[in-house]
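Remarks on the structure that follows.
Residue numbers begin at 1 in each chain, while the letters A, B, ... track the order of the sequences. Source: prediction; values computed, not measured.
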Number of protein chains: 2
Amino acid sequence: MDKIYIDASRVFKALGDPRRAMIVDMLSCGELCACKILEKFDISQSTLSHHMKLLCECGLVVGRNEGKRTYYSHSAEGIAKTKQFFCDITSDKENCICRRNKF
Amino acid sequence: MDKIYIDASRVFKALGDPRRAMIVDMLSCGELCACKILEKFDISQSTLSHHMKLLCECGLVVGRNEGKRTYYSHSAEGIAKTKQFFCDITSDKENCICRRNKF
DNA sequence: ACCTCACATTGAACTTTTTCGATAGGTTAA
DNA sequence: TTAACCTATCGAAAAAGTTCAATGTGAGGT
């Protein structure tokens with residue numbers, strides 16, 4: 001299995017949870033600290049921390065520490081890469097010019 | 001939890017498996033019958049059938065029966081919807097004009 | 001120094017997903 | 001009508017993901 005599929009799948013897996021997809025949407029309005037995000041969900045603090053970790057590890061979100069708070073925001077690079085990958089695997093390739101595989 | 005996140009997350013969850021992401025990529029060269037897809041993976045036939053079912057159920061892929069074979073191909077509508085959703089939740093919204101939520 | 005606050009980590013229970021072998025259903029070929 | 005072929009479904013086992021309470025960590029405030 002090509003590493004490129006595994007890396008991209010990690011991002012999609014992260015977005016595969018409705019709460020995490022909603023968190024990414026929330027961050028489109030700008031960075032938010034964890035406590036603000038937590039207010040919007042009926043989950044424990046440790047659960048949110050786990051979700052944020054996954055979003056950061058897949059490269060879609062970045063965290064920034066300021067004092068005792070952590071602010072999260074979109075990672076423009078991670079988002080661009082994911083968008084590109086999605087377009088790559090979903091756009092029709094004439095004459096079967098598959099860049100990743102030869103089928 | 002808004003239904004729109006749940007529906008979109010189902011697609012991302014489907015793409016969250018590297019094999020399924022690879023299958024979607026394979027289909028960008030045009031429709032393929034299940035047996036051709038199966039050749040490319042070291043998995044059982046029933047496992048592939050399960051993967052294809054998930055890809056179809058989330059709306060990203062469509063199946064077509066012809067004789068004893070089943071041909072799978074991209075669903076242009078499902079792909080367009082998913083792309084739109086991804087753009088919605090990842091594009092910066094000035095002045096916090098969040099369409100889905102008010103944060 | 002001590003306490004509180006914000007967040008991360010750990011460990012365990014629970015749920016979901018993945019996978020395969022076995023089997024069923026429908027199609028084509030002999 | 002058999003038999004072979006292709007795919008879907010079922011049931012069970014294994015793997016992975018989710019969640020929370022408890023605890024750890026590190027920054028500020030008293």
Side-chain angles (χ1 to χ4, degrees), chain A residues 1-3 5-24 26-27 30-73 75 103, chain B residues 1-2 5-24 26-27 31-73 75 103:
Chain A
M1 180 62 58
D2 196 329
K3 186 175 182 297
Y5 292 110
I6 295 172
D7 289 344
S9 291
R10 190 169 296 130
V11 181
F12 292 129
K13 190 173 288 186
L15 290 174
D17 181 295
R19 286 169 212 74
R20 291 195 291 262
M22 189 169 165
I23 289 169
V24 171
M26 290 169 73
L27 295 179
E31 71 173 12
L32 288 170
C33 96
C35 57
K36 278 288 171 190
I37 300 172
L38 185 58
E39 288 176 3
K40 296 292 172 184
F41 296 96
D42 192 27
I43 58 175
S44 70
Q45 179 269 323
S46 63
T47 298
L48 177 67
S49 185
H50 175 245
H51 285 315
M52 298 316 297
K53 188 180 181 183
L54 290 182
L55 285 170
C56 289
E57 283 179 346
C58 77
L60 214 51
V61 166
V62 289
R64 173 178 73 81
N65 292 322
E66 187 177 309
K68 56 189 176 184
R69 290 164 188 267
T70 304
Y71 290 88
Y72 293 100
S73 58
S75 162
F103 300 118
Chain B
M1 180 62 59
D2 197 329
Y5 293 110
I6 295 173
D7 289 345
S9 291
R10 189 169 296 129
V11 181
F12 292 130
K13 188 174 288 185
L15 290 174
D17 181 294
R19 287 169 211 74
R20 290 194 293 260
M22 189 170 166
I23 289 169
V24 171
M26 289 168 73
L27 295 179
E31 71 172 14
L32 288 170
C33 97
C35 56
K36 279 288 171 190
I37 300 173
L38 185 58
E39 286 176 4
K40 297 291 172 184
F41 297 95
D42 192 26
I43 58 175
S44 69
Q45 180 269 321
S46 62
T47 298
L48 176 68
S49 185
H50 174 244
H51 284 316
M52 299 316 296
K53 188 181 181 183
L54 291 183
L55 284 171
C56 289
E57 283 179 347
C58 76
L60 215 51
V61 166
V62 289
R64 175 178 72 81
N65 292 321
E66 187 176 310
K68 57 187 175 186
R69 291 163 189 268
T70 303
Y71 291 88
Y72 293 100
S73 57
S75 162
F103 300 118

What is the separation between atom [atom1] on [X] and atom [atom2] on [N], rounded to the nearest whole Å?
X	N	atom1	atom2	result
B:I43	D:dA14	CD1	C1'	17 Å
B:E66	C:dT28	CD	P	9 Å
A:M52	D:dT19	CE	C1'	17 Å
B:K68	C:dT27	NZ	C1'	7 Å
B:R69	D:dA4	CZ	P	17 Å
B:L48	D:dC6	CG	C1'	12 Å
A:I23	D:dT18	CD1	P	12 Å
B:L55	C:dT18	CG	C1'	14 Å

Should [X] be listed as having a side-chain N or O under 4.0 Å from OP1 or OP2 of [N]?
X	N	result
B:S49	D:dT7	no
B:R19	C:dT19	yes
A:H51	D:dT19	yes
A:Y72	C:dA8	yes
B:K13	C:dT17	yes
A:R20	D:dT18	yes

Task: Donor-acceptor pair under 3.5 Å, B:S44 side chain vs C:dG21 base - done: no
Open item on the list: Would the base of C:dA6 count as contacting A:Q45 through its side chain, where contact means a donor and an acceptor less than 3.5 Å apart?
Closed with: no
Quick one: label [X] by what it contacts on the DNA or RNA (base, sugar-phosphate, nothing), any heavy atom closer than 4.0 Å.
X	answer
B:L54	sugar-phosphate
A:N65	nothing
B:T70	sugar-phosphate
B:Y71	nothing
B:H50	base
B:F41	nothing

Would you call [X] and [Y] a side-chain contact if the rule is heavy atoms closer than 4.5 Å?
X	Y	answer
B:S73	B:V62	yes
A:K13	A:C58	no
B:F41	B:H51	no

Task: Listed partners of A:E31 passing salt bridge (charged side-chain N to carboxylate O under 4.0 Å, His left out), at least two apart - done: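 Salt bridge (charged side-chain N to carboxylate O under 4.0 Å, His left out) check on A:E31 returns A:R64.
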TODO: Compare the minimum distances between each of C:dT19, D:dC20, C:dC7 and the side chain of A:A34, then state the nucleotide with the smallest one.
DONE: C:dC7
Open item on the list: Strictly distance-based, threshold 3.5 Å: is any side-chain N or O of A:S9 a donor or acceptor partner for the main-chain N or O of B:L15?
Closed with: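 Side chain of A:S9 to backbone of B:L15: a pair is present.
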Task: Candidates B:I43, B:I23, B:T70 - the one meeting side-chain contact (heavy atoms from CB on, under 4.5 Å) with B:I37 - done: B:I23
